[in-house]
Amino acid sequence: MNVWYRLHGARSSIVIKSCQHGLPEVVYWGKTLKSVSDDELAGLTDAVLTAGYLDQFPVLSIIPELGAGFHGEAGLEGHRQRQHWAPRFQVTAVETSDRELVFDARDEVAQLMLTIKVTMDTETDVVGFRSSLTNTADSEFLLHRLGNTVSLPAYADELLTFHGHWAREFVTGRQRWPANRVVKENRKGRTSSDAFPGIVAGTPGFSEQSGEVYGLHLAASGNHRLVAEKAVQGGRYIQAGEWLYPGEVALAKDESYSTPWLYGSWSGDGLSQMSLQFHRFLKKRLRLDVATQPRKVHFNSWEALYFSHEPKALLKLVDQAAAIGVERFILDDGWFRGRNDDTAGLGDWYVDERKHPGGLQYLIDAVNQKGMEFGLWFEPEMVNPDSDLYRAHPDWVLKLDGYDQVLGRNQMVLDLSRPEVFDYLYERIDSLLSQYRIDYIKWDMNRDLVQPGSAGVASVHRQVEALYRLMASINDAHPTVEIESCSSGGARIDFEILRYTQRVWASDCIDPVERQRLQQAYSIFFSNEIMGSHVSVEKAHTTGRSTNLMFRLMTSLYGHMGLELALDSLSADDETTVRQLLKYYKDNRTFFHTGDWIRVDTPESYLLCNGVVSTDKRRASFTIAALDRCDYLMPGRLRLTGLDPEKRYSLTAIHDPYAHHGQLRPNRTLAADAGIYSGDALMKIGIQLPVIDVASAIIYDLNVVE
Ligand code: GLA
């Protein structure tokens, strides 16, 4: 007998069917469906048994079973000494509530127990899937894969995927859902910048404000495997789980393995609404005591000084940073013993007394006296072979005996699952946080894993679990310290690392042209208040492109803003501009970081638009950036979104007066009295945009007038 379970959010519902033979299946996920009866569900979804196929239809369940004749991507793969490799489960118990369904299932032959959880966050409409497998037999069960699978309707026929690399994260690709499988695998041992664990499927041509879309994100910071396939039975599915090395997970009697959470957000109004739901969900999960503080303006020493930490130069920077409006001063890489370049020192987390005689107190005092907080860079998981730590404990690294470890940025990876390594790192970080007043940690992780063996066994899953434990212990011991997740820029950004961290470094690339594109794609899953966004020098260090200061500042404005440049490089006029924009950020950050961050479809592809609308819709700010020249004399009108059609808004533009020259003239929207317009007109007619220079932007500020 089939039983139908429903979970409802504010805008969407998910319906799960559980049958006597087979595991539960997502039969509907979409617009709120409150009144449908079991009989209707059964009648409308009755499968067609075609000739030339099995006599019993295999269920496209959350863990599809090879043993039940599902010949696509099995949700569970593994064996017990070459036996029990095609299990088949029966649901034995179901627990339900308004927010959660828990299905317990058993395979008495293979002696395995499976628990499948489906959740609905009723405030944000984000659904979650998580499964756990328990071995109940005396002998070990070797697990190859446990992946949660979401069946999607056939009209979701277009996919949006993510790729990229260092300093070019969150590149998106669009394709019609092909007949063949789309597989994105990550074996790098960190979330990665080339195979971000997220995917969107939607009706063809979906855009920011149109189409029905399903976004899925695997909250995992290690390896993963993501599969999108058209099932031979019709319909289609996306499966996501950890990618496991051979032998990586072996379950002894009564041991369990749980998948990472797979989170999903559905929208019938395009991508931006889907993202907004993810943002709201994420905001609820963050450690609020830290993450909801006003996001302080950072100064980061990296691109200003790199490894040359001269106290005199640092103290000068402290003065300059404070004078310009910085609120938190971060000492990046280079402060610890032996760290003069990237060939040595990682692992020796003791202040380098040659650079900082007597320790860091002099610097922290100077920072605090200027009313700023102090932050420090760490890369705890790493060790350079040229370090005291490695010389003393060459066996502490992840490796396979008999091979030379492949280095990455001249470093190896410490085996965090070893208690002595964990304790050493905890002691070092804890004692520095206890000795000094440190308000923020930039927690970096700068290499991909190769042969990550612990006592010969593959150890990415255990490594990542130990990392979470280490971060959680630091969180517990130092609850007011904010942690940023950095990994060669944005290679470790996911919902799970964000349980322990409150800021992410989206990319080492702070060229604003790149950042405009990157931030749009980043925002598909992640919110703005946690996104470190820094202003660099005119000629970007990672691309060599020169851009004007105003564009750099405007590009950083909605995120967690900061400066990362030699402050000497600023002219007196530039300094004034920076000071003004930092003040503007401070005056408006509560609105920027508590409002809804949205992306807006633009009339021309060379223009990108994103903005913030306050939750009461009384205030809005939209940034329009031009990344190229217009093909026409003027661009089409930009239809705003998210406003209250009944309210009237005053329109004010912030722009760079130097970004308009020659024959290009501003239009009325840039005038001091740009006018008062109804939300309805702004969203239906739109704004005629002026033509602006390449690599420049306009910010439209809208305020309700009574
Ligand atoms: C990584 C980070 C940078 C910087 C350097 C320091 O590349 O992404 O921001 O901290 O490490 O070595």
Side-chain angles (χ1 to χ4, degrees), residues 164-170 188-194 196 221 298-309 314 317 328-349 351-352 355 374-384 386-387 407-414 429 438 440-449 482-494 497 501 503-512 514-515 518-519 522 530-537 540-543 552 556 559-566:
H165 55 83
W166 172 74
R168 195 165 165 83
E169 295 83 348
F170 292 103
K188 297 192 154 178
R190 51 174 163 168
T191 315
S192 91
S193 40
D194 58 339
F196 170 74
S221 317
H298 277 201
F299 177 86
N300 183 292
S301 67
W302 183 238
E303 288 204 4
L305 298 175
Y306 291 104
F307 293 102
S308 66
H309 289 195
L314 276 167
L317 269 175
R328 188 184 277 160
F329 189 93
I330 288 96
L331 189 62
D332 208 282
D333 195 358
W335 58 268
F336 45 95
R337 278 186 203 158
R339 190 66 169 173
N340 300 314
D341 53 36
D342 67 9
T343 62
L346 288 174
D348 296 342
W349 302 108
V351 178
D352 187 343
K355 284 186 187 171
F374 181 75
L376 198 59
W377 182 93
F378 285 89
E379 196 180 354
E381 296 140 81
M382 297 295 158
V383 65
N384 286 117
D386 186 359
S387 66
L407 298 183
R409 208 190 186 202
N410 311 300
Q411 61 204 51
M412 294 186 182
V413 188
L414 290 167
I429 302 170
I438 294 171
Y440 156 97
I441 292 177
K442 179 172 172 184
W443 190 304
D444 215 334
M445 193 288 200
N446 283 324
R447 64 155 292 179
D448 298 330
L449 273 51
E482 183 178 321
I483 303 183
E484 169 168 82
S485 174
C486 174
S487 182
S488 319
R492 192 154 70 190
I493 306 179
D494 59 77
I497 205 78
T501 57
R503 190 186 203 254
V504 292
W505 187 227
S507 178
D508 276 353
C509 184
I510 40 182
D511 169 341
E514 286 279 311
R515 273 278 175 155
L518 186 142
Q519 290 175 186
Y522 157 95
I530 58 163
M531 178 184 70
S533 53
H534 294 178
V535 174
S536 180
V537 283
H541 289 191
T542 47
T543 63
R552 280 176 271 144
S556 304
H560 184 174
M561 197 171 186
L563 305 178
E564 188 164 339
L565 73 168

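FYI, side chains are in, hydrogens and waters are out, and symmetry mates aren't considered; it's all heavy atoms of this structure. First listed ligand is number 1; within each ligand, the first listed atom is number 1.
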Original post:
From Met445 CE over to Gln411 CD, what is the distance, rounded to the nearest 0.5 angstrom?
Top reply: 9.0 Å
Subject >> Of Arg328, Arg503, Lys442, the residue whose pairing with Glu482 passes side chain to side chain donor-acceptor pair (under 3.5 Å) >> reply: Arg328
Original post:
Do ligand 1 and Gly489 have nitrogen or oxygen atoms that lie under 3.5 Å from each other?
Top reply: yes
**OP:** Report the part of Lys442 (side chain from C-beta onward, or backbone N, CA, C, O) that has a heavy atom under 4.0 Å from ligand 1; answer both or neither where that applies.
**Re:** side chain
Original post:
How close does the nearest protein non-hydrogen atom get to atom 2 (C) of ligand 1, and which residue and atom is it?
Top reply: Asp444 OD2, 3.1 Å
Subject >> Note, Ile330 side chain near Trp302 side chain (heavy atom, < 4.5 Å) >> reply: no
Subject >> Residue, atom name and distance, where the atom is the protein heavy atom closest to atom 3 (C) of ligand 1 >> reply: Asp508 OD1, 3.4 Å
Original post:
Who's the nearest protein heavy-atom neighbour of atom 12 (O) of ligand 1, and how far?
Top reply: Asp333 OD2, 2.6 Å
Original post:
Considering only heavy atoms, does Cys486 approach ligand 1 within less than 4.0 Å through its side chain, its backbone, both, or neither?
Top reply: side chain
Subject >> Partners meeting side chain to side chain contact (heavy atoms under 4.5 Å, CB included) with Ser488 (sequence neighbours left out) >> reply: Trp166, Arg190, Asn446
Subject >> Close approach, Arg409 and ligand 1, non-hydrogen under 4.0 angstrom >> reply: yes
**OP:** Could you tell me which non-hydrogen atom of Ser507 sits nearest to which non-hydrogen atom of Glu169, and how far apart they are?
**Re:** OG-OE1, 2.6 Å
**OP:** Output yes when Asp352 and Arg339 qualify as a salt bridge under the 4.0 Å nitrogen-oxygen rule, no when they do not.
**Re:** no
Original post:
Does Asn446 approach ligand 1 within less than 4.0 angstrom via side chain, backbone, both or neither, non-hydrogen atoms only?
Top reply: side chain
Subject >> Those atoms of ligand 1 less than 4.0 Å from some heavy atom in Asp332 >> reply: 4 (C), 6 (C), 10 (O)
Original post:
Quick one: which of Asp342, Asn384, Asp341 gives a side chain to side chain donor-acceptor pair (under 3.5 Å) with Asn410?
Top reply: Asp342
